[in-house]
Each structure stands twice: as C-alpha cells, then as structure tokens.
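To start, the structure itself, in structure tokens.
Chain identifiers are assigned alphabetically (A, B, ...) following the order of the sequence lines, protein sequences preceding nucleic acid strands; residue numbering begins at 1 within each chain.
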Number of protein chains: 2
Amino acid sequence: MADVARVAGVSPMTVSRAFKLDASVSAARREAILAVAEELGYVFDSTASNLRSQKSDFVAVTVPSINNANFADTVRGLTDGLKARGLQILLGSTDYDMAEEERLVEQFLRRRPEAIVITGGKHSDRCRRLLEASGVPVVETWDLPEAPIGHVIGFSNAAAVRGMVDHFVAKGLTRIAFLGGDVGQDTRGADRRLGFIAAMHAHGLAADRLIAAGPPPISMREGADAMARLLATMPDTEAVICVSDLSAFGALTECQRRGVAVPGRISLAGFGDYEIGAVSVPALSTINPFPRQIGARTAALILDVLDGRQTTPARIEIVPNLLIRESSV
Amino acid sequence: MADVARVAGVSPMTVSRAFKLDASVSAARREAILAVAEELGYVFDSTASNLRSQKSDFVAVTVPSINNANFADTVRGLTDGLKARGLQILLGSTDYDMAEEERLVEQFLRRRPEAIVITGGKHSDRCRRLLEASGVPVVETWDLPEAPIGHVIGFSNAAAVRGMVDHFVAKGLTRIAFLGGDVGQDTRGADRRLGFIAAMHAHGLAADRLIAAGPPPISMREGADAMARLLATMPDTEAVICVSDLSAFGALTECQRRGVAVPGRISLAGFGDYEIGAVSVPALSTINPFPRQIGARTAALILDVLDGRQTTPARIEIVPNLLIRESSV
DNA sequence: GCGGTTTATGTTATCGATAACAACGCCTGT
DNA sequence: ACAGGCGTTGTTATCGATAACATAAACCGC
C-alpha cells in the first residue's frame with residue numbers, strides 16, 4: 001500500500017480510503033489510485049485491515065452437511081443476502097455431530113466473525129458457552145429451540161409432520177408408518193419422528209410403525225432398504241411418511257421394484273421439497289420448509305443487527321407448506 | 001493473550017507457543033496455560049496471528065454451484081484432507097459465471113490463502129492474471145486445460161463421453177442424441193457435448209440430435225422438458241446421453257409419463273454417478289469421475305506443495321469409470 | 001567437571017492497514 | 001472580511017500475535 005501511495009503521490013491513508021467504497025476521497029483521485037494499484041499488481045490485505053479495524057467481514061455458518069440441497073439452499077439465501085455488504089461466508093459442516101460442531105465453532109470464533117449462524121437448536125454445553133461468551137450475534141436456524149442462544153429463524157418440525165398425518169387421516173388412512181429419524185444425532189429428524197408419534201396419538205391411533213433408517217445423512221438407498229423392511233414386517237401398512245424426500249424416493253423405488261402400487265396400495269410422503277419429489281413418477285407429497293427463505297431472512301436479520309436496527313433477540317417462525325401430490329392422492 | 005500470560009505467570013510468547021501444537025513448551029506448562037485461557041474465556045485471535053506470521057491457514061475454493069452433489073463431494077474430499085492440518089476452507093460459488101469467478105478470486109486473494117482451488121480450466125483474462133501474479137499455488141480441477149495456470153487434477157470430459165458413445169454403438173444403436181451442454185457458461189457441459197460430436201463422427205455417424213437444455217445448473221425438470229422436445233421432434237431416437245444424471249433422471253420421468261419404455265425403446269445415460277442414478281428404476285448408466293477423489297488428491301497435492309515435496313506443476317489425470325446399468329442394457 | 005548441545009523461556013521489533021485526530025483549502029453567509 | 005462548515009488529505013499510534021534473536025537451565029558424553 002505504501003508503494004501504491006508513493007507512485008500515486010498520496011499518503012497511504014488516502015490509498016486505504018480509496019479502497020473503502022464509502023470513505024471520502026475525490027472520485028478522480030480514487031480512480032487514479034485504483035489504476036496505480038492495478039498496474040503495480042497490489043492486492044489489498046484484508047488480514048491487516050481486519051486486525052486494525054477489529055472487523056472481520058466474515059459471517060460463520062455451520063450446516064450438518066454441505067451435500068444436501070436443503071441446507072445448500074439456505075446457504076445460498078445467506079450468501080446472496082450478505083454479499084452486497086461484502087460479507088464473506090465461512091462455511092463448515094458438522095456431519096450431524098455436536099462434537100464436530102463445537103470444534104468448528106471454536107475455530108470460527110478465532111476469526112472474530114460479525115455473526116454466526118448455526119443450523120439446529122441443540123448443542124454441546126461447551127459450544128453453547130463459547131457462543132454465549134463470544135459476544136458475537138448468534139442465529140440458530142431450522143429449529144425453534146425453547147431456550148435459544150440468541151436469535152432464531154426456524155420452524156417446528158413436529159408441527160409440520162402433524163399436518164401430514166392429519167392429511168392422511170382425513171383420507172381415511174390409519175395404518176401409517178414413519179421412516180427414519182431414529183437416531184438422536186439428527187435432531188430435526190428426531191423431532192419429525194416425535195411429531196409423528198404425537199400426531200398419531202392425538203388421533204387415537206397407534207404410532208407403532210416406526211422404521212429405523214440409521215444415522216444421517218439418510219440416503220435414497222437407505223430409504224429403499226427401510227421400505228423393504230417395512231413391507232416385510234408390516235405388509236398391511238397404508239401410508240408412509242419419510243424423514244426426507246430422498247428417503248421417500250428410495251422407498252418409492254423399492255415399491256416399484258416389488259410391484260407395490262403408489263399411491264394405490266401405499267401412500268407416500270417425504271419432507272423438504274427436494275426437486276426429486278416434484279419430478280418423480282408419481283410426484284411425492286412433501287413439506288416445504290422454505291430453506292432459501294430461511295437463509296434470506298437470516299441474512300436480513302444479520303444486517304439489521306449489524307446496523308443496530310435489531311437490538312433484541314429475534315424469534316422468527318417460518319410456516320412450512322404442505323404439498324399434496326400424486327404419491328398420496 | 002497478555003492477560004492469560006499474567007495469570008499463568010509466563011510471558012505472552014510462551015502463551016503463544018502453548019497454542020501452537022508443535023512448538024516447544026513443556027507439557028505441564030502448556031496444560032496450565034490452556035486451563036487459564038479456558039477459564040478466562042480467552043479466544044485466540046487468528047487474524048493477528050495471520051498478519052504477523054504471514055500465513056492465513058486458508059485454502060480458497062471456488063465451485064460453480066454449492067448445490068451440486070458432485071462438487072459437494074469434491075469439497076468434502078478437500079475438507080477432510082486439509083482439516084488435519086488446521087487449514088480452513090474458504091468456499092465460494094461462481095454460479096457458472098466467469099465474471100463472478102473473477103470477483104470471488106479477487107476477494108479470496110485479499111485473504112492471502114495458502115492455496116487456491118478452482119473448478120474448471122477456463123477463466124477470464126484478468127482472473128488468470130491475478131492468479132498468476134499472486135504467487136499462491138493454484139490447482140485447477142474437473143478439467144484438463146491445455147495451458148494450466150499451475151497444478152491440474154482433472155479428467156477429460158470429452159473422452160468420458162466418448163466411452164459412452166462407444167458403448168451405445170457397440171450395442172448397435174446409431175440414432176443417438178445428446179441432451180444439454182449447449183451453453184458456453186458450463187464449459188464442462190460443453191466439453192461433453194463436443195466429445196459426443198467428435199465420437200459420433202469417429203464412428204461415421206451424424207451428430208445432429210443435439211437438444212438444448214439451457215444454462216446450468218441443469219435441473220431434473222429441464223431434463224424432462226428437453227426429453228419432451230426430443231420425443232416430439234425426433235421420435236426415432238434410440239439412445240440419449242445426458243449432460244448429467246439429474247437431467248437424465250428428468251428425461252427418464254418424461255419417458256415414464258409418456259409410456260416410452262426405457263431401455264426398451266430408448267436407452268439412457270447420464271453423467272456424474274449421482275445417487276439418483278443408482279436408485280432410480282431403471283438404474284441409470286452413467287460416468288463416475290470420482291469427485292471425492294478429486295478433492296482428496298487436491299488436498300494431498302496442496303500439502304505436498306506447502307511442505308515443499310512438490311515443486312513443479314503437477315498434472316494428474318483422473319480416469320472416469322463407465323457404469324453400465326439397466327437404462328442402457 | 002567441562003565444553004557442547006538441547007530444551008525451555010523471555011525480549012524486542014514487526015506484520016499492513018486504519019482509527020482518531022489534526023489540518024488545510026474552499027465555499028458560504030452575514 | 002471573517003467565523004463556521006464541509007470536503008479532502010495527512011500524521012501518529014495501534015490492533016494482537018509472533019519471528020528472530022538472546023538467554024538461562026538441563027542434559028550428556030568423555
């Protein structure tokens with residue numbers, strides 16, 4: 001920067017200002033300075049800038065898995081909403097593991113992010129403590145924890161599944177199974193399963209058709225395997241709600257291979273409104289929790305917090321949308 | 001850090017060393033220092049560390065899209081290979097746009113990453129110049145550019161598709177179509193299309209069944225729409241190679257809705273070995289370019305470069321695997 | 001027991017940008 | 001003509017950790 005300043009015939013401070021979009025430098029001079037910088041091949045050093053200004057221009061984000069269209073959509077909404085402000089996303093995946101989440105959060109906090117976005121509302125004690133002590137604005141998403149760390153933008157997984165159970169029951173189906181959500185690691189999956197059980201009980205129905213699909217991420221293949229087990233052990237099942245569209249599609253393929261008609265003999269539903277659910281034959285009934293919107297609103301909230309427009313913890317509830325399609329008609 | 005040092009009764013330098021895993025501090029003292037730090041709620045400041053040591057512990061990565069299982073797999077391989085060394089991934093998506101890529105690269109270089117990984121081998125002039133001038137090790141992936149910027153770990157998209165064309169021709173099919181890859185933005189898609197054309201010509205066949213699917217990312221829906229157009233305009237087509245498994249699956253669903261037998265009347269193939277291709281009914285023939293391995297080997301290469309074991313530009317060619325499944329039997 | 005080496009710790013200056021403050025020129029209104 | 005204000009530029013000290021060097025203590029073989 002000193003070199004650029006010398007060549008441009010100004011002080012380093014003026015060069016510094018020329019690189020900040022808002023600072024007061026005459027337009028002509030800024031242009032000249034940027035031209036000199038480009039010619040000299042000068043590359044601005046954000047590290048030094050961050051240290052002195054005590055701002056990182058980072059927003060840290062943890063997701064359970066990068067390879068998941070739902071979370072990717074949330075990240076997309078976040079990125080789009082934040083990049084206008086020059087905020088960089090620091091992305092990390094926890095692999096549905098709270099210990100890994102804790103490690104990630106600790107790493108991230110060392111970079112002094114402007115805000116930190118966590119997927120889910122359940123964390124290790126130490127992770128929670130670190131976040132609370134950090135002074136960094138925290139947003140928990142994809143969940144509605146009872147005692148949030150800071151801000152929350154999420155939805156009730158249990159309530160969403162209840163809507164689907166209601167739909168099946170209204171169709172006259174009573175022997176309904178739930179596939180997945182059997183492992184505590186995937187707290188959202190577990191919430192959906194608990195929501196299923198509660199909804200069945202509310203209808204006076206037995207919630208005893210629970211099929212395990214193993215630890216997340218639940219693949220299509222695991223959905224197919226679980227459906228095979230279900231058909232073998234409880235062949236009179238009339239409807240199946242799956243923990244995600246991916247497992248639902250896997251379940252569908254298993255039905256197709258066995259000649260089990262969907263929705264003729266078994267009605268199917270997924271969760272997440274993945275593209276596969278809209279395109280598959282039959283199209284899958286599902287629940288859209290608006291992942292992109294979660295990201296977009298989180299971004300907007302973060303900007304509000306950084307600009308001082310939001311000073312109290314926000315609690316924003318997204319209402320998922322029930323999509324009834326061919327698989328459950 | 002000074003506070004921690006005072007409480008622990010040592011110099012700040014010793015505290016600093018206690019936080020570096022390799023530095024020479026007696027085990028007892030390190031433990032004591034870390035305990036004090038934890039109690040005081042001290043959080044190490046990576047920014048300051050980076051500035052002074054002139055190391056960022058960042059590896060920057062650009063991908064065309066986060067929401068793509070193939071690229072997510074590559075990122076996964078990278079992350080896994082790098083996190084043991086405490087290297088943080090700085091991830092950005094270009095949306096298949098070279099201008100956006102240039103912007104991202106410029107942003108990333110300001111953070112002085114230890115290395116930068118770029119998906120693809122085609123870039124804007126300025127982007128290339130910035131990378132070359134930066135002195136940062138560059139790895140281009142998912143492609144085999146003729147004049148690489150630095151290191152390359154990729155495969156030939158054209159050659160991979162040729163293998164699939166050969167397979168169809170060996171089966172006696174000659175009226176073969178290619179779906180997608182019509183837009184220059186997606187250079188890998190375009191390479192596959194060109195590879196298709198060249199392979200057809202090599203067999204003395206006309207490569208005139210080219211169906212546009214629009215700009216990337218090509219969705220399942222767009223694959224279905226393109227298949228509808230193909231069936232309408234060239235109903236005597238015997239086989240279709242799609243630019244990805246996602247579009248191939250979309251194409252398959254269109255066939256199912258119209259009662260067109262796959263592979264009975266039309267043979268189908270995709271690209272990428274996405275899970276959908278293995279699970280769908282019929283399972284899709286496809287090409288596995290080992291995205292996870294690309295990431296893993298890129299990580300290994302980066303470590304080799306950083307440790308001085310690799311001093312010349314590497315050129316590693318991955319050989320994709322042809323997977324023949326039910327859709328093309 | 002003594003030079004020589006290793007191990008563990010401390011001291012000082014520094015990475016590169018910028019906050020905070022000062023100052024200068026220019027305009028404006030009275 | 002002059003106080004006051006704004007827009008633009010410069011000066012100085014500083015953000016928090018650590019490289020490089022210095023030093024003290026411990027170890028070691030002969």
If you look at every heavy atom in A:Thr62 and A:Thr94, which pair is closest and at what distance? CB-CG2, 4.0 Å
Residue [X], side-chain atoms from C-beta onward, closest of [options]:
X       : options                : value
B:Ser16 : C:dA17, D:dA17, C:dG10 : D:dA17
A:Gln54 : D:dG16, C:dA17, D:dG10 : D:dG16
A:Ser53 : D:dA20, D:dT9, C:dA19  : C:dA19
B:Ser26 : C:dA8, C:dG10, C:dC15  : C:dA8
B:Met13 : C:dT11, C:dT18, D:dT9  : C:dT11
B:Phe44 : C:dG10, D:dT18, C:dA17 : D:dT18

Categorize A:Val25 for me: base, sugar-phosphate, or nothing, with a 4.0 angstrom heavy-atom threshold over every strand shown. sugar-phosphate
Compute whether any side-chain donor of one residue and acceptor of the other, for B:Thr14 and B:Ser11, lie under 3.5 angstrom apart.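 Side chains of B:Thr14 and B:Ser11: pair found under 3.5 Å.
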In terms of side-chain heavy atoms, does B:Glu140 have a donor or acceptor partner in B:His123 at a distance below 3.5 Å? yes
To the nearest Å, give me how far apart [atom1] ([X]) and [atom2] ([N]) are.
X        : N      : atom1 : atom2 : value
A:Arg29  : D:dT8  : CZ    : P     : 11 Å
B:Asn50  : D:dA19 : CG    : C1'   : 15 Å
B:Arg52  : D:dA19 : CZ    : C1'   : 5 Å
A:Asp45  : C:dT14 : CG    : P     : 18 Å
A:Arg112 : D:dA17 : CZ    : P     : 7 Å
B:Tyr42  : D:dA17 : OH    : P     : 4 Å
A:Lys55  : C:dT18 : NZ    : P     : 10 Å
B:Lys20  : C:dT9  : NZ    : P     : 17 Å

May I ask you to test the B:Arg85-B:Glu114 pair for a side-chain heavy-atom distance under 4.5 Å?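 Result no, sub-4.5 Å side-chain heavy-atom pair not found.
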For a 4.5 angstrom cut-off between non-hydrogen side-chain atoms, does A:Arg76 reach B:Asn67?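 The answer is no, as the side chains (C-beta and beyond) never meet within the 4.5 Å cut-off.
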Check whether any side-chain nitrogen or oxygen of A:Ser11 sits under 4.0 Å from OP1 or OP2 of D:dG10, and answer yes or no. yes
Do any side-chain nitrogens or oxygens of B:Thr47 fall under 4.0 Å of OP1 or OP2 in D:dG16?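 Answer no for this pair, as no side-chain N or O of B:Thr47 is under 4.0 Å from OP1 or OP2.
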Any donor-acceptor pair under 3.5 Å joining the side chain of B:Arg17 to the base of C:dG10? yes
